[in-house]
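Accompanying notes for the structure given below.
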4 protein chains.
Amino acid sequence: MRNGDSAYIEDYTEPSFRLSTPRGARPMTGHAPGIEAPGAPETAPRRRRVDAERNRQRILEAAEATFARAGIGVPVDEVARAAGVGVGTLYRHFPTKESLCEAIILRHIDLLVTTCDEAVEGTAHAPVDAFFAFLRHMADEMTANRDLFDALGESGTELKARCQVEFGQLETCIDTLRQRAVDAGGVRADVTTPQVVGLVSGTCKLAQPGADPPGGCRMLDVVFDGLRRG
Amino acid sequence: MRNGDSAYIEDYTEPSFRLSTPRGARPMTGHAPGIEAPGAPETAPRRRRVDAERNRQRILEAAEATFARAGIGVPVDEVARAAGVGVGTLYRHFPTKESLCEAIILRHIDLLVTTCDEAVEGTAHAPVDAFFAFLRHMADEMTANRDLFDALGESGTELKARCQVEFGQLETCIDTLRQRAVDAGGVRADVTTPQVVGLVSGTCKLAQPGADPPGGCRMLDVVFDGLRRG
Amino acid sequence: MRNGDSAYIEDYTEPSFRLSTPRGARPMTGHAPGIEAPGAPETAPRRRRVDAERNRQRILEAAEATFARAGIGVPVDEVARAAGVGVGTLYRHFPTKESLCEAIILRHIDLLVTTCDEAVEGTAHAPVDAFFAFLRHMADEMTANRDLFDALGESGTELKARCQVEFGQLETCIDTLRQRAVDAGGVRADVTTPQVVGLVSGTCKLAQPGADPPGGCRMLDVVFDGLRRG
Amino acid sequence: MRNGDSAYIEDYTEPSFRLSTPRGARPMTGHAPGIEAPGAPETAPRRRRVDAERNRQRILEAAEATFARAGIGVPVDEVARAAGVGVGTLYRHFPTKESLCEAIILRHIDLLVTTCDEAVEGTAHAPVDAFFAFLRHMADEMTANRDLFDALGESGTELKARCQVEFGQLETCIDTLRQRAVDAGGVRADVTTPQVVGLVSGTCKLAQPGADPPGGCRMLDVVFDGLRRG
DNA sequence: AATGAATGAGAATTCATTCAT
DNA sequence: AATGAATGAATTCTCATTCAT
């Protein structure tokens, strides 16, 4: 995992905070505050954080599910309801609807980067298979979050700009994979990584139920065949 | 043009409205529509019709342009303004924003069907080229009206249901083209027409500026290569 | 009246409008459209506008009354309710709550400028009396719209910037009045016009009920005495 | 300091709470508050008290500064942040945002009363100078806390009612000062103390940057001249 | 006592649609 | 038929206040 799961809110709410000794009179142990004594359980002081983190995850999951079901257009309230929290809580964690989308996307990009890295490092042999396997994986991710990745493609949105860096990381990483597959002779050389990503993502977007009948080849296979050799 | 571009309003509530005359059988009157039979005294009522029709077209064009520029999200008022009419007029012609979208799409599907028919009939020789040429044409149409065709893909929308019949016609027509191309040995047999359509449309959706660099192959070419032979 | 009562909305909604002949087929009389034949009643075509204007006034009045009663803090909905229109209508006329405030203030400034001009021109003799009479009038206006003029004083607000020009006009105009009063020897010379305005407006702000008991001098009189001579 | 600055919470619901001991009668214990009697074993509970008191002060100061900077409109959280405590803590000390404002104002009124008393008692000679000097001092205080004193002036607010008693004390105290100045012949007799207060406070409210240019007289001077003699 | 996460009642604003003229 | 003013439900976001730890 590269992009530390960017706890959005924390950067947001804690600017000039915690200037004073927390008033709670922590027993002055000898080590600097914030650095845990190794092995110390110290569960209590982090309790709140843990719960909040659970909520954050709940919201994230609820949002992902809701967006997948009904599109990004759903009112924020509905997401909150689905997460079982109040709107206020949602907004405490994600100060903007857009930032919520961003968080979801970033998480997925992050996961993809991780997977891609593993693919690059793990399978030095069979680079072609690794390439296509990864693309298939990416397709699944994108299909599940169609609307979100759609929004990423729209030019007007802030989203695109926001995720640019991370998306760039992903492309860099995929590019390595692609290059090796090309070098191994299993993938045509005249297709760029952005094109590959575009093709895969585009294919997902239309994955209408019924468009890919169980028997027969899948749309993605056609694209893959096209990538293999013209 | 097949789908009689009749005044929408009148048959709006019909479930399988418009273009229900499934294929062919236009009442071939002798004179072109819109040209008055000389000597007819009923100028006033006709003029209304003519003016109204002109407005309808204007709205349609303005809507298409506006949607292309700013997405289907644009307020109806803006479309009306672009068309140079009041909102009321727009709503007289298209009782719903969705119905306006529908009309645009239907027009394009209609055009595509026409083109496709011509391709089928006109070029009995070179069926493979005809197939790909048509797909390329379709891609252009879809790219220009991305948002609209996107909406067509969304599952929740009314739009999809509304355009189902006409879309089915298009698929039927394309299927003929595809079948001939398959028979001629230039296209793989294990890909269905919905899949073909899906691939082409998906590819358009992502046509981000920059994704297809001038030199090198285009995304669509990859898909075509994939379709040619596995 | 100087600042034409800035029909805010019109600049707002009519940018690329009215490109086409209004479709309504106005009987082609000989003179250019928009120029009224002298003496022609021609009430009909302007009807809508008249009603809308009435609404605009109603909103303005309701807003003024409501703001005066409960402060600018009142929700826009309440103003709309008081005006007997829907929120949408209010927003059609004033695209922002702030713009509504602006309109009210501008109207008052406008009235003040008018009055001030009259004072300047009308009473060349007795310039001192004219000066103080005007200030008293201004105090009444400001007292009635305390919150609004308060907001005008706040530095952060957009309002201030928005009304700057008009406020400048007012100050210019008052300055003439003041100068003459100074020249006539009835007002001290070391007080600037902004200070005068500040003093008067400040005095209004606190006009708490009871602060100025019926018998005895009024707060404003004290200020006036201070202005007369040090 | 008169109004015992006791822990607010405890007597919050009392109607005429705090400082109800109308004037005087402080339980003169021998040692300064906050300094522990040596040898007292009850360190822990005291320490709490001391810490809490420190927090209370910190909050008060932070609130004053924050309100001065950004108006009473600032969210409570921001005040808490500025004070270096959690919102919860703030609310433990001041159960309502309004009560926080109240506390600040009361403190200032208290200080003003103290100063005023000193002026009354200390400077039996030169009562006129004492009067104006105090007013100038009051103006400074009010300018620094404009928003708060503004709120005090608003009729709708609870604040006004809440601070009525203390404000009355201030007026009583000022009235003595004023009376002496009147008796000494340096201040006109037909102006009531509420009017004086109103004039001073009003003048502060508008102290826009730039309204009082460095050279020339200040707005307050005009008011003073007006008070001196009509 | 202190903390800060959670809550939810508003508030401003937008926009599809209706309606009087 | 055309016009554009009116409508109000829906949406995003804020912030005072409560509560579990």
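Residue numbering restarts at 1 for every chain, and letters A, B, ... go by the order of the sequence lines.
Going from atom CD of B:E98 over to atom C1' of E:dT17 covers 14 Å, rounded to whole Å. A:K97 places its NZ atom 15 Å from the P atom of F:dT14, with the value rounded to the nearest Å. Here the P atom of nucleotide E:dC15 and the CD1 atom of B:I72 are 15 Å apart, to the nearest Å. Atom CD of C:E53 is separated from atom C1' of F:dA6 by 16 Å (rounded to the nearest Å). Rounding to whole angstrom units, CZ of residue C:F94 and C1' of E:dA12 are separated by 16 Å. If you take CD1 of C:I59 and P of F:dA5, they are 12 Å apart, rounded to a whole angstrom. At whole-Å resolution of the value, CZ in A:R58 and C1' in E:dA5 are 13 Å apart. What separates CD of C:E78 from P of E:dG10 is a distance of 12 Å, to the nearest Å.
Between C:F67 and C:I72 there is a side-chain heavy-atom pair separated by less than 4.5 Å. Contact of the A:Y91 side chain with the A:V76 side chain is registered, since non-hydrogen atoms from C-beta on lie closer than 4.5 Å.
Ranking F:dC13, E:dT17, E:dA5 by closeness to the A:A52 side chain, first place goes to E:dA5. Of the candidate nucleotides E:dA16, F:dT18, F:dT12, F:dT18 has the atom nearest to the side chain of D:Y91.
Here CG of B:L60 is found 5.5 Å from CD of B:Q57. Values are rounded to the nearest 0.5 Å.
Between B:V79 and the choices B:V87, B:L100, B:V85, the side-chain contact (heavy atoms from CB on, under 4.5 Å) rule is met once, by B:L100.
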- Item | 5'-to-3' dot-bracket of DNA chain F (Watson-Crick, G-U; under 3.5 angstrom; crossing pairs as [ ]; | other strand) | .||||||||||||||||||||
- Message: What verdict does the side-chain contact (heavy atoms from CB on, under 4.5 Å) test give for D:E102 and D:I105, after you've listed the backbone C-alpha separation in whole Å, the side-chain angles of each residue and the deciding distance to 0.1 Å?
- Response: CA-CA 5 Å; D:E102 186 187 336; D:I105 292 196; 5.9 Å; no
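Legend: salt bridge (charged side-chain N to carboxylate O under 4.0 Å, His left out) pairs involving residues 78-87 of chain A, not counting sequence neighbours, sorted by first then second residue: A:R69-A:E78.
Look at A:H93 and you'll find a side-chain N or O under 4.0 angstrom from OP1 or OP2 of E:dA6.
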Between the protein and nucleotides 7-10 of chain F, which nitrogen or oxygen pairs are less than 3.5 angstrom apart?
from  : atom 1 : to    : atom 2 : distance (Å)
F:dT7 : OP2    : C:G86 : N      : 2.8
F:dT7 : OP2    : C:T89 : OG1    : 2.6
F:dG8 : N7     : C:G88 : N      : 3.2

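The nearest pair of heavy atoms linking B:I59 to B:A83 is CA-CB, 3.8 Å. Closest heavy-atom contact between D:R56 and D:F94: NH2-CE2, 3.5 Å. Here the closest heavy-atom approach between residue D:L152 and residue D:K160 is recorded as O-CG, 3.3 Å.
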